[in-house]
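I have placed the structure first, in the form of structure tokens, so that the comments after it can refer back to it.
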Amino acid sequence: MAKDNKNINKKPKFNPYWIYGIIIAAFLAINLFSGGFGGSSSKQINPSEFFDYMRDGDVAKVDIVNGREARVYLTKDALEKEIHKNSKPSNILPSVTPQPNYTFEFGELELFQKKIEGINEADNNVFVPTSYKTEENVWGNFIFSLLPFILIIGVWIFIMRRMSGGAGGGAGGQIFNIGKSKAKLFDEKTDVKTSFRDVAGLEGAKEEVQEIVDFLKNPEKYTSLGGKIPKGALLVGQPGTGKTLLAKAVAGEAKVPFFSLSGSDFVEMFVGVGASRVRDLFKQAKEKSPAIIFIDEIDAIGRARGKSNFSGSNDERENTLNQLLTEMDGFGTNTNVIVLAATNRADVLDKALMRAGRFDRQIFVDLPDVRERKEIFEVHLRPIKQSEKLDIDFLAKQTPGFSGADIANVCNEAALIAARNGKKAVDKQDFLDAVDRIVGGLEKKNKIITKEEKKAIAFHEAGHATVSWMLEHAAPLVKVTIVPRGQSLGAAWYLPEERLIVRPEQMLDEMCAALGGRAAEKVIFDKISTGALSDLEKVTKQARAMVTIYGLSDKVGNLTYYDSSGQSEYGFTKPYSEQTAELIDNEISDIVEKQYQRAISLLEQHKDKLTELAEVLLEKEVIFKDNLEKIFGKRPFEKKELVEDKTASKTEEE
Ligand code: ADP
Ligand code: ZN
């Protein structure tokens, strides 16, 4: 009962499903009507019956319709007769025009006419007039001509629904909601449960956003002194470093609602939609103020305007950006709406976005270092059932270069692997497998590798391992494997050191180790292979960087051709002369060649150990530092506690 009342009280809203309803109703109605016109409600008889009635004088007239059908009208007297009892037209709708009593199809028109004439002439009492009619199926034709329109409208509705996606108001309301923002609202009472406790590491960033939390909690404290509340902050960092998480935590700590959407959500095919969505978003946020708006991937709309605008198709994006700027300028400091935006490329953003009063704060969210990784592991290990006390330090060390999202992924993957193997709890090996899996993709157990190839790979990887073991500044080795994974056939993993500044000798040692793979092939087989592609790529890039970016080459000197603003159009013109270009090329190949020779002479000196290592590797497929120590003895340069460098690559792959 209560339910019914509710329905009655509800205002009937226009619902696009009605359109379908109306179309169907129209079809039904038309069918009904055309039934009436078509005369199908009259009783069907066969021609011989008709001629009998005619001879009896019962027929008043005959209409011949479309040269095909005869419609028979009886005389008044005949209607009284017993045999014509059922001939009353049975129309549902009362009709103005008289309805025929019988209809039938007579076949050949001429024969039929002759027959009627014959009866008319033979019997003087009987004269049945015939008239000819052409009747078009008006309604049928009408529908037929409407059909294309109906189809077009149907398709259009379908497309509109598709484009405006599943978000937005009630069922089927999307056509009319296309200008509404697609922001997802996390309500402070129910959804925003994230707190700073869930964000591990990121101390600096947390400190900076703490201020925003304070603003939102008690704005008077700041405004009473005449200060202005910031309107926006830009979170800059690589994907997966926890920008969304941080923004959510701010909302959770300040206990305010959180509107989350991505920059690309504004962009739509229609002109003006983006701008109207921005307007709507800010309207909604103001209604719920104090609130936080989080725009992920703001570069989708915030790219510098007027650049690479060849086709003019960026106009819509510009409009959206302009609207965003207007809204940010427009809302006063007392609205208490703070916009947080995330990007991994602050340099491509339009400078207008960064102006004072807009996103004037930039908060950098870096990839975590080893200590922060440990904290992130602690957060994500909380829900996981562990079989033993896991050495989190070890895990953190095994995952250089991983982002927070990667680590969350490792923990999840480890649990999945353990479950797959039917274990009751997750152990260390599961974590190591998960790390391998995330770095290299799935193990390819069935990749076909010949014995020869396997041997070449083993020597190649052993070459890397040997050279890096012998060089003071090369990063210490963690493990070497010749298990093919993803694209790579084998890999040597290092633990890069934490270094804020890198010296040339360190770079050179690393390059030498990277070339160790190819050098080993050369020393052992006197043949080289394509297997060293990624090594060469890395080395070449590094050598180029030494010369053109860091100014580490004597011949080129203390110059850099690096442009930190990223806005120059060096794509077409080089910022240096032809002579310099030649000099740079020479320097690069000089550097690489020297390191290659160095690797070769090192390996020649230690050929026996290299061979020994390669054999162990062939046998075990995966070897760790301990195995190397057995062969080479303790590494002479082992020193200080190691923290590692986040910029260095995490693996060294074939
Ligand atoms: P971004 O927005 O920077 O791309 P997210 O905030 O979406 O990254 O992070 C994805 C996931 O990674 C988070 O949901 C969280 O599980 C995990 N994560 C990332 N950084 C951290 C961190 N510092 N502490 C804890 N978890 C993190
Ligand atoms: Zn290699």
Side-chain angles (χ1 to χ4, degrees), residues 193-206 209 234-251 258 260-263 294-299 340-345 363-369 371-383 396 402-412 438 456-468 477 480-482 487-494 510-522 528-539 596 599 649 651-654:
K193 291 264 166 59
T194 316
S195 69
F196 282 153
R197 205 176 90 92
D198 300 305
V199 187
L202 303 179
E203 297 305 331
K206 268 200 248 180
V209 292
L234 197 62
L235 301 167
V236 186
Q238 288 183 29
T241 42
K243 299 181 291 294
T244 315
L245 191 70
L246 195 62
K248 250 190 206 165
V250 171
F258 177 75
S260 166
L261 79 174
S262 162
F294 177 68
I295 306 175
D296 205 356
E297 291 163 43
I298 194 166
D299 30 317
L340 296 177
T343 177
N344 50 356
R345 307 227 25 214
I363 299 170
F364 287 92
V365 183
D366 281 332
L367 281 178
D369 63 21
R371 195 182 43 78
E372 289 172 314
R373 281 203 303 276
K374 189 178 157 194
E375 290 177 27
I376 298 174
F377 263 115
E378 273 160 7
V379 168
H380 289 283
L381 283 176
R382 262 184 233 152
F402 276 41
S403 69
D406 289 334
I407 291 174
N409 202 358
V410 165
C411 293
N412 187 45
I438 281 160
I457 295 165
F459 272 97
H460 179 106
E461 297 306 335
H464 285 307
T466 310
V467 174
S468 67
L477 201 97
V480 189
T481 130
I482 54 169
Q487 289 295 313
S488 76
L489 297 172
W493 297 38
Y494 303 99
E510 253 156 42
M511 287 161 72
C512 184
L515 288 164
R518 169 164 277 205
E521 291 178 53
K522 173 87 183 152
I528 49 177
S529 72
T530 57
L533 172 63
S534 69
D535 296 338
L536 296 185
E537 185 189 347
K538 185 179 139 193
V539 167
Y596 182 56
S649 67
T651 63
E652 159 29 52
E653 286 178 17
E654 175 104 340

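In each ligand, atom 1 is the first atom listed, and ligand 1 is the first ligand listed. Computation of the quantities below employed the complete heavy-atom set of this structure, encompassing side-chain atoms and omitting hydrogens, waters and symmetry-equivalent molecules.
- Because the distance cut-off is set at 2.8 Å, E461 fails to qualify as a neighbour of the Zn ion (ligand 2), as none of its N, O or S atoms comes that close.
- Looking only at distances, no side-chain donor or acceptor of E297 sits under 3.5 Å from a matching main-chain atom of S262.
- Sorted by chain and number, the heavy-atom contacts of ligand 1 below 4.0 Å come from D198, V199, A200, L202, Q238, P239, G240, T241, G242, K243, T244, L245, I376, H380, G404, A405, A408.
- Within the 3.5 Å criterion, the main-chain N or O of D369 finds no donor-acceptor partner in the side chain of K374.
- Closest approach of A513 and V467 over heavy atoms only: CA-CG1, 3.6 Å.
- Here the N, O or S atom of D535 that is nearest to the Zn ion (ligand 2) is OD2.
- When the options T241, V236, L234 are evaluated for a side chain to side chain contact (heavy atoms under 4.5 Å, CB included) with F364, the one that passes is V236.
- The side-chain hydrogen bond (donor to acceptor under 3.5 Å, both in side chains) test applied to N409 returns no partner, not counting sequence neighbours.
- Of all heavy-atom pairs between K206 and F196, the closest is NZ-O, 3.5 Å.
- Using a distance-only test at 3.5 Å, with no hydrogens or angles considered, a donor-acceptor pair links the side chain of K243 to the main chain of G237.
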